[in-house]
Asker: 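Mind looking over this structure? Questions follow.
Here is the naming used below: chain letters follow the sequence lines, and residue numbers restart at 1 for every chain.
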There are 2 protein chains.
Amino acid sequence: MGITKIESYSSDVLSLSEVFKALGHPARLSIVSYLLKKGTCICGDIVDELPLAQASISRHLQALKTAGVIKGEISGTSVCYCLSNEHLETILTLIHSIKLSIPKTCCDETV
Amino acid sequence: MGITKIESYSSDVLSLSEVFKALGHPARLSIVSYLLKKGTCICGDIVDELPLAQASISRHLQALKTAGVIKGEISGTSVCYCLSNEHLETILTLIHSIKLSIPKTCCDETV
DNA sequence: ATATTATATCGCAATATTACGATATTTATA
DNA sequence: TATAAATATCGTAATATTGCGATATAATAT
């Protein structure tokens with residue numbers, strides 16, 4: 001108990017939920033937000049931006065990378081990170097579908 | 001340590017990351033997927049659908065409701081749940097922005 | 001070669017999440 | 001009123017996540 005029964009789900013559901021999970025932490029969402037503004041970052045940029053230790057930032061960057069939200073390129077002594085579009089189309093389709101399905105589905109109300 | 005430093009983030013970032021977090025579990029994403037297909041559900045529908053105990057399903061439904069992903073209406077002895085659009089526009093905008101920002105931002109590659 | 005810089009990983013402690021059975025609550029029905 | 005049906009909550013155990021300091025790794029510069 002206490003462990004997610006991952007064996008019960010399709011790989012589609014699992015990989016998409018991993019992406020959402022990666023975005024589901026304020027530090028990681030802040031990193032994504034930073035990348036939206038600046039385009040790229042190195043670990044040290046985020047260390048200056050958030051009140052977390054370098055080790056913690058590095059772990060969050062790894063989590064985003066593992067989920068396919070960002071990718072990193074070694075560049076000298078640092079690693080240049082940028083957003084990846086690997087799962088964006090899937091998420092857009094999902095959210096858009098939800099949006100479209102709502103008017104006709106809700107229990108009592110009209111919206 | 002070990003606890004998320006939620007006091008360091010804006011309420012915007014916090015509430016949006018809560019939505020992503022809610023979608024970041026395969027059982028909850030499966031519930032959303034079920035709602036997309038069927039429009040509404042009661043707790044028992046999901047109990048039949050997923051290999052989890054009724055108590056666990058109920059908790060997942062509460063988590064989705066707390067994050068504003070679904071809403072529930074009491075209907076006789078059961079509760080009718082359906083999707084909510086509370087945060088969809090924000091997510092769509094965010095994901096769409098990421099998608100648009102990618103071509104010009106990535107380190108070495110052209111995409 | 002050695003030092004510097006930037007990032008990643010390790011080990012640990014604190015906290016959060018997940019899941020379950022048991023039980024409580026609430027509404028409808030006999 | 002008593003029973004049944006559906007959902008929510010409680011208590012607990014197992015596991016996962018978060019964060020930190022310390023350390024390792026890797027590339028550059030002296």
Asker: Tabulate below the donor-acceptor pairs under 3.5 Å that side-chain atoms of residues 48-70 of chain A make, not counting sequence neighbours, or state none.
Answerer:
residue	atom	partner	partner atom	Å
A/His60	ND1	A/Arg28	NH1	3.1
A/Gln62	NE2	A/Tyr81	OH	3.3
A/Thr66	OG1	A/Gln62	O	2.9

Asker: Of all residues at least two apart in sequence or in a different chain, which pass the side-chain contact (heavy atoms from CB on, under 4.5 Å) check with A/Thr90?
Answerer: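 In terms of side-chain contact (heavy atoms from CB on, under 4.5 Å), with neighbours along the sequence ignored, A/Thr90 is linked to A/Leu16.
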Asker: Enter the distance from B/Lys38:NZ to B/Ile46:CD1 here, rounded to the nearest 0.5 Å.
Answerer: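 Reported value, rounded in 0.5 Å steps: 10.0 Å.
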Asker: Does the side chain of B/Ile95 come within less than 4.5 Å of A/Ile95's, by heavy atoms?
Answerer: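 No - every pair of side-chain heavy atoms lies 4.5 Å or more apart.
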Asker: Mind listing the residues from residues 10-18 of chain A sitting with a heavy atom below 4.0 Å of DNA chain C? Number order is fine.
Answerer: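 The answer is none.
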Asker: Tell me: CG of A/Leu64 to P of D/dT17, nearest whole Å?
Answerer: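 Whole-Å distance recorded here is 14 Å.
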Asker: Taking atom C1' of D/dT7 as reference, at what distance in whole Å does atom CD1 of B/Ile42 sit?
Answerer: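 Rounding to the nearest Å, CD1 of B/Ile42 and C1' of D/dT7 are 9 Å apart.
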Asker: State, yes or no, whether a side-chain contact exists between B/Asn85 and A/Ile98 at a heavy-atom distance under 4.5 Å.
Answerer: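 Heavy-atom side-chain distance check fails, nothing below 4.5 Å.
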Asker: Please state how far atom CZ in B/Phe20 lies from atom C1' in D/dT17, giving the value in whole angstrom units.
Answerer: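 That distance rounds to 19 Å.
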Asker: For B/Tyr81 and D/dA6, give me the distance from atom OH to atom P, rounded to whole Å.
Answerer: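 Taking OH of B/Tyr81 and P of D/dA6, I get 15 Å after rounding.
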Asker: In terms of hydrophobic clustering (I, L, V, M, F, W, Y; side-chain heavy atoms under 4.5 Å; direct or indirect links), are B/Leu23 and A/Val13 co-clustered?
Answerer: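 Yes: a chain of side-chain contacts under 4.5 Å links B/Leu23 to A/Val13.
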Asker: Counting any heavy atom closer than 4.0 Å, what does B/Leu61 reach on the DNA or RNA strands: base, sugar-phosphate only, or nothing?
Answerer: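 Here B/Leu61 touches no strand at all.
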Asker: Quick one: side-chain contact (heavy atoms from CB on, under 4.5 Å) partners of B/Thr77, sequence neighbours excluded?
Answerer: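 side-chain contact (heavy atoms from CB on, under 4.5 Å) check on B/Thr77 returns nothing, list empty.
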Asker: So which pairs with a foot in residues 74-92 of chain A pass salt bridge (charged side-chain N to carboxylate O under 4.0 Å, His left out), sequence neighbours left out?
Answerer: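 Passing the test, one end in residues 74-92 of chain A: A/Glu89-B/Lys99.
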Asker: Run the side-chain contact (heavy atoms from CB on, under 4.5 Å) test against B/Ser97 and tell me which residues pass, sequence neighbours left out.
Answerer: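 Scan of B/Ser97 (side-chain contact (heavy atoms from CB on, under 4.5 Å), adjacent residues dropped) gives A/Leu36, B/Thr93.
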Asker: Tell me, do B/Val32 and A/Phe20 make a side-chain contact under 4.5 Å, heavy atoms counted?
Answerer: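 B/Val32 vs A/Phe20: side chains apart.
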Asker: Would B/Ile102 and A/Leu35 show up in the same hydrophobic cluster when neighbours are defined by side-chain heavy atoms closer than 4.5 Å?
Answerer: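 Yes, it is one cluster - the side chains of B/Ile102 and A/Leu35 are joined through contacts under 4.5 Å.
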Asker: Would you give the length of the straight line joining atom OG of A/Ser33 to atom CG of B/Leu94, rounded to the nearest 0.5 angstrom?
Answerer: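 Between atom OG of A/Ser33 and atom CG of B/Leu94 there are 8.0 Å.
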Asker: Could you pull out the protein-nucleic contacts involving nucleotides 26-30 of chain D (nitrogen or oxygen on both sides, under 3.5 Å)?
Answerer:
none

Asker: Going by heavy atoms in the side chains, are A/Leu83 and A/Leu88 under 4.5 Å from each other?
Answerer: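 No, every pair of side-chain atoms sits at 4.5 Å or beyond.
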Asker: What parts of residues 46-60 of chain B reach DNA chain D, counting only heavy atoms under 4.0 Å away?
Answerer: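 B/Gln54, B/Ala55, B/Ser58 - these, ordered by number, are the residues of the stretch whose heavy atoms sit under 4.0 Å from the strand.
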Asker: Heavy atoms within less than 4.0 Å of DNA chain D: which residues of residues 22-30 of chain B have one? Give them sorted by number.
Answerer: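 Correct list: empty, so none.
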Asker: Verify the contact: side-chain N or O of B/Lys21 to OP1 or OP2 of D/dT17, cut-off strictly under 4.0 Å; return yes or no.
Answerer: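 For D/dT17, OP1/OP2 do not have a side-chain N/O of B/Lys21 under 4.0 Å.
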Asker: Under 4.0 angstrom, heavy atoms only, what part of the nucleic acid is B/Lys65 near: base, sugar-phosphate, or nothing?
Answerer: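 B/Lys65: no heavy atom of the nucleic acid under 4.0 Å.
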